[in-house]
Amino acid sequence: MKSQITNALSDFFFEYETPRQVLVRNRRVGVVCRLIQLGVLAYIIGWVFIYEKGYQSTDTAVSSVFTKMKGVGYTSEIGKERVWDVADYVFPPQGDSSFVVMTNYIITEGQNMSKCPELPGKHNCTSNKDCEGGGFKRTGHGQMTGVCVKLNTTQTCEVLAWCPVEDDRKIPDPPMLMSAENYTLFIKNSVTFPLFGVTRSNLVEGIDAEYISKCLHDPEKAPLCPIFKLGDIVKLSGFNFETIAKVGGAIGIVVDWTCNFDTDVRNCKPKYNFHGLYGNPTETDKARASVGYNFRYAKHYLEDTIQKRTLLKVFGIRIDIIVQSLARKFDIIPTLTAIGSGVGIFGVATVVCDLVLLYLLPKREFYKNMKFKYTDTHIQK
């Protein structure tokens with residue numbers, strides 16, 4: 001018994017088994033095998049290593065964005081001149097990566113909480129029965145008092161609301177703040193790639209205070225300048241400024257950080273892309289719902305102890321700044337993984353050629369006898 005165990009262990013540790021190989025001289029099978037191997041090799045080198053860069057590890061960035069608008073607008077409406085600065089036309093004012101620049105508006109001044117009739121054409125009535133007291137209508141401006149008020153040739157329901165009620169049926173055309181086309185946007189963006197311990201800013205080498213004070217972004221002449229003219233942003237996104245300024249819309253600015261840290265880190269620089277998200281001027285369907293982008297904003301004040309407000313229906317361009325990042329660097333682990341998987345794929349050639357030899361060629365029985373060794377079952381007595 002001890003001798004058997006010793007022999008078994010000896011055979012296990014000191015003997016090596018190798019598979020039997022048969023050299024087949026067949027041109028068709030040989031050509032098929034080499035073509036498959038060539039295809040696998042092209043896939044590994046071309047796709048895995050060159051295109052997908054399978055020899056590198058990847059990381060995405062943790063990002064921070066700060067923005068600042070500059071510019072002054074001017075309007076003259078019914079003899080009232082007004083200058084609009086950043087505090088008036090940017091919402092919200094904190095310098096977020098998503099904000100709205102006002103380009104058009106409808107203003108209702110001197111509103112106070114009282115009773116007044118609805119607009120002609122809205123919530124028309126013929127008697128008090130049509131104005132249920134204490135009721136609300138979805139498109140109304142306040143709570144109905146139950147009174148039907150005659151206005152010239154029409155009658156509308158009286159409401160308890162901020163009076164006079166807003167009349168937004170006619171949007172100013174051309175837009176009130178066409179001067180917004182000359183506003184400038186400053187973007188400051190920093191990214192950190194935790195895996196590689198690299199931090200970069202869009203204020204790269206050579207972008208100093210003196211350069212920023214003079215530059216204006218241009219895709220060809222000044223691609224790294226972080227100051228953008230609003231009119232250029234709209235144009236590069238494929239929109240028409242006057243069209244989008246009238247009813248509003250949305251534009252995305254993509255800051256693309258695609259970096260290869262196998263080269264100098266200073267080569268890691270941002271690229272800016274502009275995309276029109278909403279408000280395409282080529283849309284001609286006048287019946288489409290919720291055209292443009294707008295919201296309401298009120299400024300409250302006291303006048304002779306009476307609370308009043310100025311209501312603005314703001315039409316504007318919503319800017320969304322999106323940071324897109326992908327960094328790569330050589331790593332031995334993904335390199336070995338890619339090579340190992342490639343070597344494994346080479347086995348496909350052997351499997352295909354064996355199928356051709358054993359099942360498709362006229363001499364398949366001969367090749368079977370050469371490849372496999374058959375033995376009879378041996379019964380010990």
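Counting begins at 1 with the first residue of the sequence. What you see below is based on every heavy atom in this structure, not just the backbone, and it leaves out hydrogens, waters and symmetry mates.
Summarising the geometry, atom OG1 belonging to Thr103 is positioned 11.5 Å from atom NZ belonging to Lys246; distances are rounded to the nearest 0.5 Å. Expressed to the nearest 0.5 Å, how far OG1 of Thr108 lies from CD1 of Ile106 amounts to 7.5 Å. Lys150 NZ to Thr126 OG1: the interatomic distance, rounded to the nearest 0.5 Å, is 12.5 Å. Interatomic distance, CD1 of Ile227 versus NZ of Lys70, reported as 7.5 Å (0.5 Å rounding). Rounding to the nearest 0.5 angstrom, the gap separating the OH atom in Tyr278 from the CD1 atom in Ile244 is 10.5 Å. If you take CD1 on Ile50 and CH2 on Trp47, they are separated by 12.5 Å, rounding to the nearest 0.5 Å.
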Q) Can you list the steps and then say if Val165 with Cys116 is a side-chain contact (heavy atoms from CB on, under 4.5 Å)? A) CA-CA 8 Å; Val165 296; Cys116 54; 3.8 Å; yes
Q: For the pair Ser97 and Phe66, evaluate side-chain contact (heavy atoms from CB on, under 4.5 Å) and give the outcome as yes or no after the intermediate values.
A: CA-CA 6 Å; Ser97 59; Phe66 166 80; over 6 Å; no
Q: For side-chain contact (heavy atoms from CB on, under 4.5 Å), just list the numbers for Thr139 and His123, CA-CA rounded to whole Å, side-chain angles, deciding distance to a tenth of an Å, and then say yes or no.
A: CA-CA 9 Å; Thr139 57; His123 314 301; 3.2 Å; yes
**Q.** side-chain contact (heavy atoms from CB on, under 4.5 Å) between Tyr272 and Asn202, worked out
**A.** CA-CA 10 Å; Tyr272 301 96; Asn202 66 327; 3.1 Å; yes
Q.
Could you walk me through whether Asp320 and Ser98 satisfy the side chain to side chain donor-acceptor pair (under 3.5 Å) test, starting with their C-alpha distance in whole Å, then the side-chain angles of each, then the deciding distance to 0.1 Å, before giving a yes or no?
A. CA-CA 5 Å; Asp320 292 310; Ser98 180; 2.5 Å; yes
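Using a cutoff of 4.0 Å between basic side-chain nitrogens and carboxylate oxygens, Arg296 and Glu166 are scored as salt-bridged. Of the charged side-chain nitrogens involved, at least one lies within less than 4.0 Å of a carboxylate oxygen, so that Glu109 and Lys80 count as a salt-bridged pair. Ion pair Glu303/Lys308 flagged as a salt bridge, since at least one NZ, NE, NH1 or NH2 atom sits closer than 4.0 Å to an Asp/Glu carboxylate oxygen. A salt bridge between Lys269 and Asp256 is absent, with no side-chain N of the basic residue lying under 4.0 Å from a carboxylate O of the acidic one.
Under the ring-ring contact (aromatic ring centres under 6.0 Å, His included) criterion, the residue pairs touching residues 77-122 are Trp84-Tyr105, Tyr89-Tyr183, Phe91-Phe295, Phe91-Tyr297, with sequence neighbours excluded. Counting only residues at least two apart or in different chains, ring-ring contact (aromatic ring centres under 6.0 Å, His included) contacts with residues 133-165 comprise Trp162-His300.
In terms of heavy atoms, Tyr74 sits closest to Ser179 at N-OG, 3.7 Å. For the pair Thr67 and Asp96, the tightest heavy-atom approach, listed with the atom from each and the gap, is OG1-O, 2.8 Å. Pairing each heavy atom of Met102 with each of Leu177, the nearest pair is O-CD1, 3.6 Å. Ser237 and Ile251 make their closest contact through OG-CD1, 3.6 Å (heavy atoms, listed as atom of the first residue, atom of the second, distance). Val147 and Cys131 get closest at one heavy-atom pair: O-SG, 3.8 Å. Nearest heavy atom pair, residue Val48 against residue Ala338, reads CG1-CB, 3.8 Å.
Applying the salt bridge (charged side-chain N to carboxylate O under 4.0 Å, His left out) rule to Lys214 yields the partners Glu210; only residues at least two apart in sequence or on another chain are considered. With sequence neighbours excluded, the residues that form a side chain to side chain contact (heavy atoms under 4.5 Å, CB included) with Asp262 are Tyr55, Gln56, Asn260, Lys329, Phe330.
Distance alone, capped at 3.5 Å, places no donor-acceptor pair between the Asp264 side chain and the Asn267 backbone. Panel note: side chain Glu158, backbone Pro117; no donor-acceptor pair is recorded below 3.5 Å. Remark: the backbone N or O of Leu160 is not paired with any side-chain donor or acceptor of Gln143 at under 3.5 angstrom. Side-chain atoms of Arg200 come within 3.5 Å of backbone N or O of Cys268 as a donor-acceptor pair. When atom types are taken as modelled, the side chain of Asp304 and the backbone of Ile306 share no donor-acceptor pair closer than 3.5 angstrom.
The number of heavy atoms from other shown groups lying within 6.0 Å of CG (Leu302) is above 12. Residue Glu132 qualifies as open at atom CD: its count of foreign heavy atoms under 6.0 Å is 12 or below. Counting heavy-atom neighbours within 6.0 Å of Arg266 CZ, excluding the residue itself, gives a total of 12 or less. Residue-environment remark: OH (Tyr301) exceeds the threshold of 12 foreign heavy atoms within 6.0 Å.
The cluster map of Ile, Leu, Val, Met, Phe, Trp and Tyr, joined by side-chain heavy atoms under 4.5 Å apart, puts Tyr43 and Val32 in the same cluster. Criterion: ILVMFWY side-chain heavy atoms under 4.5 Å apart, direct or through other members. Under it, Ile212 and Phe228 are not part of a common hydrophobic cluster. Under the 4.5 Å side-chain contact rule for hydrophobic residues, Val90 and Phe241 share a cluster. Using a 4.5 Å cut-off between side-chain heavy atoms of Ile, Leu, Val, Met, Phe, Trp and Tyr, with links allowed through other members, Val343 and Ile45 fall into the same hydrophobic cluster. Hydrophobic clustering (ILVMFWY, side-chain heavy atoms < 4.5 Å, transitive): Tyr51 and Val40 are in one cluster.
Leu203 has its side chain within reach of Pro226: a pair of non-hydrogen atoms, C-beta onward, lies under 4.5 Å apart. Contact of the Val204 side chain with the Pro270 side chain is registered, since non-hydrogen atoms from C-beta on lie closer than 4.5 Å. The side-chain heavy atoms of Arg309 and Lys299, taken from C-beta on, include no pair separated by under 4.5 Å. Side chains of Ile319 and Ile253 form a contact here, defined as non-hydrogen atoms less than 4.5 Å apart. Residues Lys229 and Asn182 meet the side-chain proximity criterion, which asks for heavy atoms closer than 4.5 Å. Between Glu242 and Met178, the closest side-chain pair of non-hydrogen atoms falls below 4.5 Å. Side-chain contact between Leu326 and Asp59 is absent, with no heavy atoms from C-beta onward closer than 4.5 Å. Residues Ile171 and Val247 are in side-chain contact: their nearest non-hydrogen atoms beyond the backbone lie under 4.5 Å apart.
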Side-chain donor-acceptor distances from residues 184-198 under 3.5 Å, at least two apart:
{"from": "Asn189", "atom 1": "OD1", "to": "Trp257", "atom 2": "NE1", "distance (Å)": "2.9"}
{"from": "Asn189", "atom 1": "ND2", "to": "Ser63", "atom 2": "OG", "distance (Å)": "3.0"}
{"from": "Asn189", "atom 1": "ND2", "to": "Ser64", "atom 2": "O", "distance (Å)": "2.8"}
{"from": "Thr192", "atom 1": "OG1", "to": "Thr199", "atom 2": "OG1", "distance (Å)": "3.2"}

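Members clustered with Leu35: Val31, by chain and number, using a 4.5 Å side-chain heavy-atom cutoff among hydrophobic residues.
The SG atoms of Cys353 and Cys33 lie 2.5 Å or more from each other. SG atoms of Cys148 and Cys125 are separated by less than 2.5 angstrom, consistent with a disulfide link.
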